[in-house]
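A, B, ... follow the sequence lines: proteins, then strands. Residue 1 opens every chain.
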Number of protein chains: 2
Amino acid sequence: MTGDEDDRKGIAAEWVDGETKVLEAPGDHGAELRLWLRLLTCTTLVETEVRRRLREEFDSTLPRFDLMAQLERARDGMVLGEVSKRMMVSPGNISVLVERLAESGHISRTTSPTDRRVQIIALTPFGRAEFEKMAAAHADWIADLFGRLEAADSTVLMDELARLKGSIVASLARGG
Amino acid sequence: MTGDEDDRKGIAAEWVDGETKVLEAPGDHGAELRLWLRLLTCTTLVETEVRRRLREEFDSTLPRFDLMAQLERARDGMVLGEVSKRMMVSPGNISVLVERLAESGHISRTTSPTDRRVQIIALTPFGRAEFEKMAAAHADWIADLFGRLEAADSTVLMDELARLKGSIVASLARGG
DNA sequence: CAAAATAACTTTAAGCTTGAAGTTTTTTGG
DNA sequence: CCAAAAAACTTCAAGCTTAAAGTTATTTTG
């Protein structure tokens with residue numbers, strides 16, 4: 001390992017520069033591909049580490065943590081569909097996660113009295129306590145991983161990522 | 001939707017600022033958490049779109065595309081373990097993907113004549129043709145999604161992400 | 001009001017992913 | 001050379017994820 005290549009997730013570093021450029025794609029998309037690659041590499045490195053620590057230190061998973069994080073703010077609970085939208089995952093997925101988290105006692109689940117189709121889920125006191133431990137550790141992990149970045153770089157990154165998000169969202173809105 | 005919140009994957013936007021700050025975490029890690037959130041949002045938006053299009057337009061998946069991309073450069077094929085390392089996924093995972101891609105005729109698989117433990121995999125002509133179609137489309141999708149970003153922003157992002165990667169790798173090296 | 005449409009899940013089939021355990025083959029040490 | 005260790009997968013159990021189909025409840029329409 002040279003330790004410096006963004007060589008993963010489909011687009012090998014050489015590939016974007018290489019002679020294998022495909023006929024139907026006349027434009028030079030190398031810059032965008034390299035940027036995407038680098039973004040993906042950073043995210044994957046962090047995400048893999050977070051998953052590993054959640055498993056090793058809390059015997060938990062990222063989806064469970066994410067779901068509990070959504071509920072953390074909502075003292076009165078949240079409707080399942082709302083959780084699904086906020087987490088940007090399918091309702092069926094939430095259904096399964098909720099089932100397991102209810103089984104382990106981390107969350108409670110009630111049918112809405114006004115609309116019997118609606119499920120309201122909320123953290124139990126136990127679930128809240130567990131989440132708070134995980135959240136504190138999680139914040140430390142992230143601070144550690146990002147800690148060698150100067151404050152100025154961090155600010156610039158926030159700004160540039162906001163612009164990137166703007167580009168992505170605009171493209172999705174137009175193309176979708 | 002206000003269309004501007006990074007409200008997903010565990011750390012709701014308000015949470016990082018909120019009064020629920022946990023006792024054991026005295027440091028203010030809000031900036032790092034927000035940055036991580038924003039990074040994750042951008043990556044997820046792009047990745048979800050790429051997966052969707054691979055499925056709809058090519059009846060394929062991102063892992064398959066990624067594996068074929070690794071093989072694309074290697075005319076003489078690659079050892080399974082090498083593919084596993086480059087893709088940063090477990091050997092067991094590659095084993096399954098290879099099984100399916102071989103079944104569908106996209107790749108070939110041979111036992112090394114010098115070491116019978118070693119499996120050598122390579123794109124078939126059919127697999128190569130399919131990959132080239134997908135790769136061209138993929139490059140267009142990314143160019144589209146990133147296309148509203150000014151060249152200057154793109155340059156800055158590349159640079160800042162390199163620094164971020166440096167921070168992450170350093171932290172992993174120290175902590176791991 | 002009854003039929004049709006809509007909503008909010010739940011279930012299912014299929015695929016991805018991992019860590020751990022198991023198998024076969026090669027290399028090492030004595 | 002032979003037993004032990006290491007390598008390179010493969011298999012397995014468990015969990016995540018989605019699209020599509022199915023269920024039940026509510027709202028709209030004619």
Can you list everything that forms a side-chain contact (heavy atoms from CB on, under 4.5 Å) with B:T124? Sequence neighbours excluded, please.
B:S108, B:F126
Expressed as a whole number of angstroms, how long is the span from A:I121:CD1 to C:dA8:P?
14 Å
Could you work out which one of C:dT18, D:dT11, C:dT10 sits closest to the side chain of A:P91?
C:dT10
Result for 5'-nearest mapping on DNA chain D, choosing between B:E99 and A:R100, is B:E99
A:L97 side-chain proximity, nearest of D:dC9, C:dC9, D:dT17
D:dT17
Closest of D:dG15, D:dC9, C:dC16 to the B:S95 side chain is D:dC9
Hey, which sits more toward the 5' end of DNA chain C by its nearest nucleotide, B:I94 or A:E82?
A:E82
Could you pick out which residue, A:N93 or A:R117, lies toward the 5' side of DNA chain C when each is mapped onto its nearest nucleotide?
A:R117
Can you tell me which residue pairs pass the salt bridge (charged side-chain N to carboxylate O under 4.0 Å, His left out) test with a partner in residues 152-164 of chain B, sequence neighbours excluded?
A:D153-B:R163, A:R163-B:D153, B:D159-B:R163
What is the nucleic acid contact for A:S84, judged by heavy atoms within less than 4.0 Å: base, sugar-phosphate only, or nothing?
nothing
Nearest to the side chain of A:V89, which nucleotide is it out of D:dT18, C:dC16, D:dG15?
D:dT18
Of the candidates C:dC9, D:dT10, D:dT18, the side chain of A:S90 sits closest to D:dT18
Between A:S84 and A:S90, what is the shortest heavy-atom contact and its length?
OG-C, 3.7 Å
Please determine if A:E49 and A:R52 form a salt bridge, counting it only when a charged side-chain N lies under 4.0 Å from a carboxylate O.
yes
Counting only heavy atoms and a strict 4.0 angstrom limit, can you tell me which residues of residues 105-116 of chain A come near DNA chain D?
A:D115, A:R116
If the threshold is 4.0 Å, N to carboxylate O, is there a salt bridge linking A:E130 and A:K133?
yes
Between B:F146 and A:W36, what is the ring plane arrangement, given parallel below 30°, perpendicular above 60°, and tilted in between?
perpendicular
